[in-house]
Amino acid sequence: MAKLAPSHLLQTPLSSKPTSLPRLSSTLTLLDDLGHLGELKTLSSVKAVHAQMIKMSNNNKMDIKAKSLATCYLEFGDSRSAAMAFFVGSAHYLPWSPFLEEFRRYGNDPEDVLKFFLEFHNRGVVFDSRVLGFVLKLCGNLKELWLGLEMHAYLIKKGFDLDVYLNCALINFYGTCLGIESSNQLFDEMHKKEDMLWDEVIKLNSKKGRWVKVLELFSNMQLSFAKPNSATIINALQACGKVRALNEGKQIHGYVLRWGLESNLSICNSLISMYSRNDRLELAKAVFDSMNDHNLSSWNSIISSYTALGCLNDAWIVYYEMELSDVKPDIVTWNCLLSGHSLHGSYQEVLAILKRMQDAGFKPNSSSITSVLQAVSELCLLKHGKEIHAFVIRNGLDYDVYVGTSLVDMYVKNNCLSFAQSVFDNMKNKNIFAWNCLISGYSFEGLFEDAEQLLNSMSQEGIKPDLVTWNGLILGYAMKGRHKEAIAAIHRMKSSGLTPNVVSWTALISGCSQNENHAESLKYFLQMQEDGIRANFATISSLLKACAGLSLLRKGEEIHCHSIRKGFIEDVFVATALVDMYSKAGNFRSAYEVFRMIKNRTLASWNCMIMGFATYGSAKEAISLFNEMRGAGLQPDAITFTALLSGCKNSGLVDEGWKFFDSMSTDYNIAPTIEHFSCMVDILARAGYLDEAWDFIQTMPLKPDASIWGAFLASCLTHKNLEFAETAAKNLFELEPHNPANYVLMMNLYSISNRWVDVERLKDLMRKVGVKHSPVWSWTQIDQKIHMFCAEGKPHPDLGEIYFELYHLVSEMKKLGYEPDISCVHQNIDAVEKKKMLLSHTEKLAITYGLMKMKNGEPIRVVNNTRVCSDCHTAAKYISVVRKCEIFLKDGTRFHHFREGKCTCNDCW
DNA sequence: AGAAACGGAA
């Protein structure tokens, strides 16, 4: 209840005149009837009148006078005298509850009200049910459990327990003091359930957010033929929205029509919200259109339906209709628009709407601020974020827990952890959202000590870490390659009593594959299944990423089948991941089939497919797909151009490369990144334009990194340009001294040039720097088993048979003109040894094993981790003729598809 | 009318 008495009155000296007394006039009118007008401007004059009244106490209008007098005392803040006046004058037959309510309204503490009640109860006043109900309510508010329970006992003893008002009060009291469950229990035990009682218990459950219970009660209420009031219908409709109970909502709609309640605006507005929360915009709209009258709330409900469901343009249309019908928007209207645009990713519009609402004279409140902060953090507009932070402080909105949490989140998302921490420290009430934001902020930055420390402090402050807290930690650990700690976190959350769900496990799995730990991804997927957790869309996309990373075509195919069975294939993320998996694992036909099947392709889907063609060496298809994409109205991004340029690189298209490189900045306003520059260097140098590539490197606006020099060095080797190569190598040895590939390339170049002294010098350098050789391997999958062929380490068990087959094969190939290319061996040994060396290349072993084990007609698929040498490349072409087979070879940089003596790379790799 | 967790492309 609002305090009507200005508090300064209580501090005013009793003799001075109160300035304005809003309720005094009515009191005076009453006293005026009794002939005492005019004098009552001070407490002392009230007292004087009181004294006079006591003198003529035989007056039979004493009760009315007592009430007026008591009210007068209350207005002057003398509650004690007020109560006494009331008691003396009228106690036994006047209803006390208006007095007590009045008493409370004048700003007296509820404790005092209770004290008075007890005092007069002890003086023998017998109160009616309304007073008792009022006092019970106070007991609830003050958490006076024992007094309330005593009153319950007293009521039963006096037979009051049949009074519906009191029963309502009791249910209410139990709810506030002992929890909603005891209210529900008490309600169940009540024999006679009047309509009001149903209304009360539904109201309480609705307040507590027990939506399922609300619906259960509402349905039972109808079964007992009780008639709900409109508040109850509104509560039930709200419940149908919250738990997405569309059928129940429709039934209530029917009920509303049957009882002719469709003229009740509030009920109709609730119907609109109910349908909107059940994603049935057309039904929401139908209710809105059927209404004879619309108030502001109705307009807000329908606008909110449109914005919540992402129909932003329609929302604006309704907004203008509303303006035309002369209803002015309020802050709620603006906040609906803000939150809808923010929710559906129209972040720029959020900022525009903010400006519009401010121009219209509305000051953003805490709700507006949360939507705006979300947009600001997604747009990475840290500067705007800080301005809003200042606005929040100026306007005292920082006490709002939503605003505080949104600020922490905004700073976390903009990598501003120190600000996030300081906002967090200043929050008066921290809820679990704020803790989780900050913990995941530290975790994603790899600052695990801070994250773990926060985890400890939140437990100490009595906030139990939840699934989201743990997910933040798990994902952070997994993304930073610390998968042991990530799985440990899964176990820790188990021992804290939480059951990791599919999101927790997916965080682990996806974190590992984001960090290229694909094998771990697959391992943890198995553990997840052992834990009895089923995969969802997100898990499947992460797994496909792992399969793509490992080129595990068979595994990917299994997941594809599973996705079709479970309907995951409908998800654009899953479908796009499939396209990527198939292109990386070497099944372009399937990649293309899946791509064509996707109904709602996103930019990523197009990019994956363009990239697929590019790595496969089909630059023409990549380019025509790009044109198709443009025709479909999609704007390319930086990744599209990386794909196009690497297509040009793999197909040796210099002119097209230049064209796309220029076009991305001039036509599409996309600044080239280091990857684009690196592609361009590769395109130029590979085609033999080494001088142009050199100039390009010298004039590029970004500092050349290892990818630039690496691309350049590889082409220097192809074109045997020692001078450029040495410059490139010098840079590379500084930029990445521990990468063995650079030393190997350089040694190869020296060996071709017969500069064995330099080869030895580099070997020494590698030893001095401590560069480790990376193992060279190839593998092929036969049935369910992966067969590895490593240059070093454990040999394959069937190696003898493989060499037997390979010798046989080579002699057949020689008949067709094959000649071993010994220039591929960069060791200072004689030609016979070099030829033996060539036979041991892991690609040849894997291909041969494939030939031995594959059923007829099946293509052979081999994955290799280096750049395939020209002898193996030539050999594969001959093999495809001799054995009439197709060979897919994925090497460290691209794809080769050998068929009928030709390779799709056109010998350019 | 309002906040946080897992997913695809280089």
Side-chain angles (χ1 to χ4, degrees), chain A residues 273 300-301 303-304 307-308 330-340 342-343 364-374 377 400-410 412-413 431-441 443 466-476 478 500-511 513-514 535-545 548 568 571-581 583-584 598 601-612 614-615 637-643 645-646 673-676 678-679 707:
Chain A
S273 306
N300 283 343
S301 298
I303 290 177
S304 157
T307 54
D330 67 352
I331 184 96
V332 177
T333 322
W334 288 108
N335 286 346
C336 284
L337 290 165
L338 283 175
S339 78
S342 179
L343 192 65
N365 64 12
S366 55
S367 171
S368 337
I369 292 296
T370 45
S371 297
V372 173
L373 276 175
Q374 202 189 347
S377 38
D400 186 288
V401 65
Y402 276 81
V403 170
T405 311
S406 304
L407 276 170
V408 172
D409 189 45
M410 184 274 292
V412 161
K413 288 211 175 103
N431 58 16
I432 190 148
F433 290 90
W435 286 94
N436 287 351
C437 280
L438 196 59
I439 287 177
S440 63
S443 169
D466 66 358
L467 281 170
V468 180
T469 323
W470 287 106
N471 290 344
L473 273 174
I474 293 165
L475 187 63
N501 65 2
V502 61
V503 177
S504 327
W505 282 101
T506 304
L508 175 67
I509 291 167
S510 92
S513 64
Q514 279 175 53
N536 69 6
F537 301 86
T539 327
I540 293 294
S541 349
S542 297
L543 282 175
L544 286 170
K545 186 178 160 70
F568 295 149
D571 183 84
V572 68
F573 272 70
V574 169
T576 304
L578 269 172
V579 171
D580 192 48
M581 182 280 294
S583 17
K584 285 194 175 137
I598 305 178
R601 287 177 207 135
T602 62
L603 181 58
S605 323
W606 290 93
N607 284 352
C608 280
M609 197 63 237
I610 294 174
M611 197 63 200
T615 31
D637 66 357
I639 296 168
T640 320
F641 282 98
T642 310
L645 288 173
S646 54
T673 67
I674 197 85
E675 272 140 5
H676 301 105
S678 156
C679 277
S707 74

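Labels below follow one simple rule: chain letters A, B, ... track the order of the sequence lines, proteins then strands, and each chain is numbered from 1. Quick note: numbers below take in every heavy atom, side chains included, and nothing from hydrogens, waters or symmetry partners.
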With sequence neighbours excluded, residues passing salt bridge (charged side-chain N to carboxylate O under 4.0 Å, His left out) with A/Lys545: none
For A/Val572, side chain to side chain contact (heavy atoms under 4.5 Å, CB included) partners two or more places apart: A/Thr576, A/Ile598, A/Asn600, A/Thr602, A/Ser605
Sugar-phosphate, base or nothing in reach of A/Leu603, heavy atoms under 4.0 Å: nothing
Touch class at under 4.0 angstrom, heavy-atom based, for A/Ser366 against every strand present: base
Span of DNA chain B, from the first to the last nucleotide whose atoms fall under 4.0 Å of chain A heavy atoms: B/dA1 to B/dA10
Sugar-phosphate, base or nothing in reach of A/Ser605, heavy atoms under 4.0 Å: base
Sugar-phosphate, base or nothing in reach of A/Ser542, heavy atoms under 4.0 Å: sugar-phosphate
Touch class at under 4.0 angstrom, heavy-atom based, for A/Leu467 against every strand present: nothing
Contacts of type side chain to side chain contact (heavy atoms under 4.5 Å, CB included), residue A/Thr506, not counting sequence neighbours: A/Val502, A/Asn536, A/Ala538, A/Thr539, A/Ser542
Sequence-distant partners of A/Asp580, side chain to side chain contact (heavy atoms under 4.5 Å, CB included), two or more places apart: A/Ala548, A/Lys584, A/Cys608
Touch class at under 4.0 angstrom, heavy-atom based, for A/Asp409 against every strand present: sugar-phosphate
Any side-chain donor near an acceptor of the partner, A/Asp409 and A/Ser406, under 3.5 Å: no
Residues which pass side chain to side chain contact (heavy atoms under 4.5 Å, CB included) with A/Ser371, listed by chain and number, not counting sequence neighbours: A/Leu338, A/Ser339, A/Ser342
Touch class at under 4.0 angstrom, heavy-atom based, for A/Thr642 against every strand present: sugar-phosphate
Sugar-phosphate, base or nothing in reach of A/Thr602, heavy atoms under 4.0 Å: base
Sugar-phosphate only, base, or nothing, as touched by A/Asn300 at under 4.0 Å among non-hydrogen atoms: nothing
